[in-house]
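No experiment lies behind these values; they were computed from the predicted model shown.
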Number of protein chains: 2
Amino acid sequence: MKKVTIQDVAHKAGVSKSTVSQYLNQRFEYMGVETKEKIEIAIKELNYQPNILARSLKQKKTLTVGIIVANILHHYSTQVCRAIEDFFQGHNYHVIICNADDNPEKERKYIEMLRAKQVDGLIIVPTGENRELYKRLVAENYPLVFMDRKVEGININNVILNNRLAVHAAVFHFVEHGHKKIAMITRTPKVSVREERIKGYFEALEHHFLGNDVEFLRTTELENIQHEFARLMELKSPPTALLVGNDLVLMEVLKGVKKGRVAIPKQLSILTFDEVNFAELYDPPISTIAQPAYEMGTKAAELLLDQINGKQMEESRDYLFEGILHIRESIASLK
Amino acid sequence: MKKVTIQDVAHKAGVSKSTVSQYLNQRFEYMGVETKEKIEIAIKELNYQPNILARSLKQKKTLTVGIIVANILHHYSTQVCRAIEDFFQGHNYHVIICNADDNPEKERKYIEMLRAKQVDGLIIVPTGENRELYKRLVAENYPLVFMDRKVEGININNVILNNRLAVHAAVFHFVEHGHKKIAMITRTPKVSVREERIKGYFEALEHHFLGNDVEFLRTTELENIQHEFARLMELKSPPTALLVGNDLVLMEVLKGVKKGRVAIPKQLSILTFDEVNFAELYDPPISTIAQPAYEMGTKAAELLLDQINGKQMEESRDYLFEGILHIRESIASLK
DNA sequence: CTGAAAGCGCTAACAG
DNA sequence: CTGTTAGCGCTTTCAG
């Protein structure tokens with residue numbers, strides 16, 4: 001498994017290292033056509049592959065960017081990653097994807113690892129709990145874009161869903177169909193998304209004069225979702241409509257639906273955030289608020305590339321996208 | 001965004017580069033405790049991060065391995081990746097995951113990219129169509145393990161499911177429940193898995209004297225699965241049981257089930273390869289043949305690490321794992 | 001049009 | 001116990 005180096009190629013072709021380097025970098029303007037051919041042949045014969053490490057070390061850029069997603073199990077994350085990959089592929093960059101698994105410690109390690117590997121920039125769906133580290137990156141002016149979640153006090157480009165608006169739309173849809181007892185279930189609001197959604201939820205209830213029944217809002221860890229859902233349905237006056245925080249929460253809710261033999265949508269109408277691959281196949285088909293994940297990923301990638309190239313036009317700011325309602329049979333009309 | 005180098009640290013601490021390097025590599029046996037402290041402080045103050053690129057260049061190893069999966073959308077792939085990551089994390093290696101998207105061209109590019117990045121080894125779920133490239137890697141004695149799919153004529157460690165056995169078990173289960181018309185639907189058999197499964201299917205039919213109705217075997221591209229499924233159910237004598245090739249095929253079949261209003265399991269019993277996250281939630285719950293994906297990933301990782309460390313004990317060979325039947329309500333008894 | 005030489009940031013003998 | 005030195009494989013002036 002001997003590595004063949006540029007030196008070997010040069011030797012075989014009877015030229016110097018630098019000439020081979022020229023060749024590799026497509027600078028053959030002033031290169032003799034036969035030199036070129038000799039090099040070509042030597043490379044083929046030796047099956048030479050340049051060592052990117054050495055090149056990056058010299059050039060001080062790796063043409064590689066990193067993505068760290070909080071949790072790759074979300075359909076949203078995979079979509080976003082795909083978009084970013086597609087974008088950067090077209091710009092001759094490599095992309096390294098890391099999954100923090102909702103674990104701030106892992107996130108920290110990945111950030112440090114990627115920086116040590118000298119990636120040229122980072123797109124992060126932050127866990128939100130490494131504020132100091134984020135700050136340091138921003139202070140160093142390291143190319144960085146956040147997605148999906150904002151972190152208080154960090155001045156950075158954010159690509160996010162307009163969560164409040166999305167929740168307003170969801171609640172409005174329920175109200176239109178005659179629902180008055182509208183609940184929401186989501187994971188514990190450690191990150192901005194969930195906070196925004198909760199805020200939007202209360203705003204919407206208020207706007208529709210539906211009071212502000214704290215019992216109808218359930219926030220807990222994923223493991224307890226089933227339990228909380230059961231408790232929700234055991235209320236003396238249970239909700240007739242439920243807004244679900246994301247695809248993973250939905251899975252738990254549906255398990256609860258099954259266990260508790262809750263009739264959807266007769267007994268309870270359901271609307272969930274995020275696209276779910278089996279939404280259409282479930283009985284009844286589940287209504288969703290999809291995020292334009294691919295577009296959002298592309299936007300984040302563009303912003304990052306601009307930063308890398310020092311072409312950032314404006315101040316850092318939020319780039320808001322709108323949720324897309326897919327109304328299916330999981331919502332009953334009470335009118 | 002100035003990069004701080006080992007030189008800067010050395011300067012600030014008033015020692016030489018090499019001493020700092022010693023420190024970084026935990027060789028403080030013979031290091032003065034105050035030297036150590038000075039370095040410690042300098043690193044903190046400068047917020048120094050070693051440049052892995054430079055280190056790897058020198059050491060001729062990157063402590064990084066690559067995984068290339070044929071299609072990350074398979075639940076199997078994500079499980080496997082997780083296992084491999086967990087394993088290597090524990091051995092201080094980094095893992096880069098790439099998704100070939102069932103595209104041999106992409107696969108080739110990723111292999112070349114990862115090699116150029118000097119990863120120390122590769123675990124591949126091969127598309128099967130880059131035989132020459134695979135061969136070259138093997139010839140170079142490059143650390144390499146294949147998973148899930150064998151490639152004819154490549155002498156390499158393979159970690160795979162015993163597909164024939166799994167299909168035998170599946171057919172046996174159907175037969176036990178009185179099924180005689182057992183169909184199978186899967187993607188076009190470009191890779192060994194599918195071939196093995198088809199072979200196993202015919203073997204099992206023969207063994208149970210069920211004849212060899214070619215009409216009951218459907219192999220086609222993912223896009224045509226729905227169509228083929230419909231045709232299967234339109235036969236004058238349609239099957240009563242169906243074995244589904246994998247989770248993605250299942251999605252298509254279930255769409256077909258819905259469109260064609262096929263009653264599961266009354267009209268058709270279903271058993272699918274691979275775990276599916278909503279298997280339990282579907283109505284009726286879907287029976288599956290799970291692969292011990294996590295164990296398989298771990299095994300592959302072990303094999304790779306041994307190769308990297310030159311500790312490969314035996315000849316390359318196949319490591320077979322057994323499928324795990326999860327029988328749920330999607331299978332009716334005809335007795 | 002091509003080659004010599006310096007250097008990217010780090011490690012690894014080997015002196016001292 | 002610490003510093004000097006020589007590279008890892010590549011790119012990049014700058015001569016020729």
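- Look at CG on A:D8: it is 9 Å from P on D:dC10, rounded to the nearest Å.
- Taking side-chain N and O atoms only, B:K36 has no distance below 4.0 Å to OP1 or OP2 of D:dC1.
- The NZ-P distance, from A:K61 to D:dT11, rounds to 12 Å in whole Å.
- For A:V15, taking side-chain heavy atoms from C-beta onward, the closest of the listed nucleotides C:dG7, C:dG3, D:dT12 is C:dG3.
- At D:dG3, one or more side-chain N or O atoms of B:T19 fall inside 4.0 Å of OP1 or OP2 (strictly under the cut-off).
- Ring geometry for B:Y134 versus B:F146: interplanar angle over 60°, hence perpendicular rather than tilted (30 to 60°).
- Here the C1' atom of nucleotide C:dC14 and the CD atom of B:Q22 are 12 Å apart, to the nearest Å.
- Taking atom NZ of A:K58 as the reference point, atom C1' of C:dA5 lies 10 Å away to the nearest angstrom.
- Under 4.0 angstrom from either OP1 or OP2 of D:dC8 there lies no side-chain N or O belonging to A:N51.
- Residue A:H11 qualifies as open at atom NE2: its count of foreign heavy atoms under 6.0 Å is 12 or below.
- When each of A:V33 and B:Q7 is assigned the nucleotide of DNA chain C bearing its nearest heavy atom, the one mapping closer to the 5' terminus is A:V33.
- Atoms CD1 (A:I6) and P (D:dC10) sit 5 Å apart, rounded to a whole Å.
- At D:dG3, one or more side-chain N or O atoms of B:S16 fall inside 4.0 Å of OP1 or OP2 (strictly under the cut-off).
- Between B:K60 and D:dG9 there is a side-chain polar atom (N or O) within less than 4.0 angstrom of OP1 or OP2.
- Rounded to a whole Å, the CD atom of A:Q59 is 21 Å from the P atom of C:dA6.
- Side-chain atoms of B:T35 and base atoms of D:dT2 include no donor and acceptor less than 3.5 Å apart.
- Between the base of C:dA4 and the side chain of A:S18 there is a donor-acceptor pair shorter than 3.5 Å.
- In terms of phosphate contacts, A:Y48 brings no side-chain nitrogen or oxygen within less than 4.0 Å of OP1 or OP2 of D:dG9.
- In this structure, CZ of B:R55 is placed 19 Å from P of C:dC8, rounded to the nearest angstrom.
- Between C:dG9 and B:T5, no contact under 4.0 Å exists linking OP1 or OP2 to a side-chain N or O.
- Residue-to-nucleotide contacts include no donor-acceptor pair under 3.5 Å from the side chain of A:K17 to the base of D:dG9.
- One atom, CG of B:L24, and another, P of C:dA12, lie 12 Å apart when rounded to the nearest Å.
- Taking a 6.0 Å sphere around CG of A:N47, one finds it holds more than 12 heavy atoms contributed by other residues, nucleotides or ligands.
- Crowding of B:K106 atom NZ: a count of heavy atoms from other residues, nucleotides or ligands under 6.0 Å exceeding 12.
- Judged by distance alone, the side chains of B:T64 and A:K117 do bring a donor and an acceptor atom under 3.5 Å apart.
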